[in-house]
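Indexing begins at 1, ligand by ligand and atom by atom, following the structure's order. These numbers were taken from a predicted model, which means no experiment stands behind them.
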Amino acid sequence: MNDDIRDALSMSYDEWLSWVTGVLKEPRFRADQLCQWVYGKKILDCHSMTNLSKELRDRIACESLVKIPVQIRDLKSKDGTRKFLWQMEDGCRVESVLLDHSSHTTACVSCQVGCPLGCVFCATGKAGYTRDLTAGEIIGQFLVMEQRLGKNINNIVFMGMGEPLLNVENVFKSIRILNHPKMRNLGGRHITLSTSGVVPGIRDLADFEIPVRLSVSLHAPNDALRGKLMPINKKYPLSTLIEAMHYYKKRSGERITIEYVIMDGVNDDPSLAFEMAALLDGLGVYVNIISYNSVSGGTMKRPPEGKIKAFCAALTELSIEHEVRREKGTDIMAACGQLAAQQ
Ligand code: SF4
């Protein structure tokens, strides 16, 4: 294969323009036409781009390649959630989840093959880390899900396999591509990046030119407990994480969402809700309580309903806005912490 062949889904709008005018020697509007086919109509095969001449389509086919993930599996949950298993060109596999709510759809995409962070409750972390995904591989998951769905997806969350802020270059590039008005034109408010607490990455996100939403996986309000659950806490303890969150809030003006996976006998004591309130004071966060979803080989359990209610009652008493997130896709292992790209 020719080394000059471009991975079209990894190309920014400026890269499309310079390729169209410089390599294809075509006028600039051809770049808009091509982006419209790919991102508007989800037509990824250039031979089907009917407003281009046959000669141009043949040249594009020789010069460029829209690399899309190969679908290995499409599992459907009783509640309508779908989990896709994809294989990349080098054989690596990742999963994505498509959540169909009554009023909108959300795609949860992966940004790494595996994850290096090893949170103790997470199936992805148990599998270890292989490599980062390219911008095109991230976008490919989203576009192919749109193709399968037959309509545009409203929201994207970087909450699948991997830590997005350890793959900042490719994740930010994919956001720029999805957000660009001549490409997918997905608004920043429809894009959420979820992090386990990579402090420099949160600061980068605060300074990023597109205001996207931030979600932080907290899971414990003190360093001793958080360090046991999430090894990253040793590198970026809570004091540094909270400082970075204040910086993001100040720069973006956006409200931060806190994810709190609640586990029986681990982090479900209402006293921890009080600690959490003190820790997050002044941030005006919204808290998602997620009752723990079992992963194979794991020893943790979800708390009984009464314990979750007691924890939430403490949050209410402390005036912390929260909800217990309705679980989706647990029967197909598509819920939070369950993605493992099982064969
Ligand atoms: S919870 Fe997120 S950051 Fe932690 S191991 Fe799993 S994928 Fe990685």
Side-chain angles (χ1 to χ4, degrees), residues 83-86 88 92-97 99 106-133 137-138 141 156-168 170-171 174 192-202 204-205 213-221 223 225-238 240-241 244-245 256-263 266-267 287-300 302 325 327-330 333-342:
K83 180 169 84 166
F84 295 90
L85 175 65
W86 312 110
M88 302 302 164
C92 284
R93 293 182 172 191
V94 297
E95 291 178 329
S96 317
V97 178
L99 296 145
T106 299
C108 174
V109 297
S110 293
C111 57
Q112 293 182 314
V113 182
C115 180
L117 294 183
C119 301
V120 296
F121 48 83
C122 171
T124 307
K126 289 188 197 311
Y129 164 79
T130 305
R131 68 171 175 87
D132 291 346
L133 293 182
E137 287 170 332
I138 294 167
Q141 298 167 59
I156 185 169
V157 293
F158 290 83
M159 222 180 254
M161 300 173 72
E163 164 54 62
L165 293 180
L166 289 182
N167 185 15
V168 165
N170 290 310
V171 166
S174 70
T192 301
L193 194 148
S194 174
T195 180
S196 59
V198 178
V199 165
I202 294 174
D204 288 344
L205 190 70
R213 293 182 184 270
L214 172 66
S215 169
V216 175
S217 297
L218 188 67
H219 310 323
D223 284 324
L225 179 56
R226 196 166 188 268
K228 281 189 205 156
L229 300 175
M230 306 175 73
I232 192 166
N233 196 78
K234 297 189 177 86
K235 186 162 188 189
Y236 302 116
L238 282 168
T240 61
L241 174 59
M245 286 164 66
I256 300 169
T257 301
I258 297 292
E259 310 290 341
Y260 194 95
V261 171
I262 191 162
M263 295 165 259
V266 175
N267 62 352
V287 178
N288 275 328
I289 301 291
I290 304 149
S291 60
Y292 177 69
N293 298 303
S294 61
V295 300
S296 67
T299 53
M300 288 167 178
R302 73 175 41 188
R325 207 158 71 197
E327 298 158 76
K328 301 272 257 169
T330 46
M333 300 291 278
C336 276
Q338 292 186 314
L339 300 186
Q342 284 155 342

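With a 4.0 Å heavy-atom cut-off, ligand 1 is reached by the side chain of Cys115 but not by its N, CA, C or O.
Annotation for ligand 1: atoms under 4.0 Å from non-hydrogen atoms of Gly118 are 5 (S). Against a heavy-atom cut-off of under 4.0 Å, Gly125 is close to the following atoms of ligand 1: 5 (S).
Residues Ser215 and Met159 come closest through the heavy atom pair OG-CE, 3.9 Å. Of all the heavy atoms in Cys92 and Arg131, the pair that sits closest is SG-NE, 3.8 Å. The two atoms that bring Cys111 and Asn167 nearest to each other are O-ND2, 2.9 Å, heavy atoms only.
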Practice item. Give the intermediate values and the outcome of side-chain contact (heavy atoms from CB on, under 4.5 Å) for residues Ile290 and Glu259. Key: CA-CA 7 Å; Ile290 304 149; Glu259 310 290 341; 3.2 Å; yes
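Not one N, O or S atom of Cys122 sits under 2.8 Å from atom 4 (Fe) of ligand 1.
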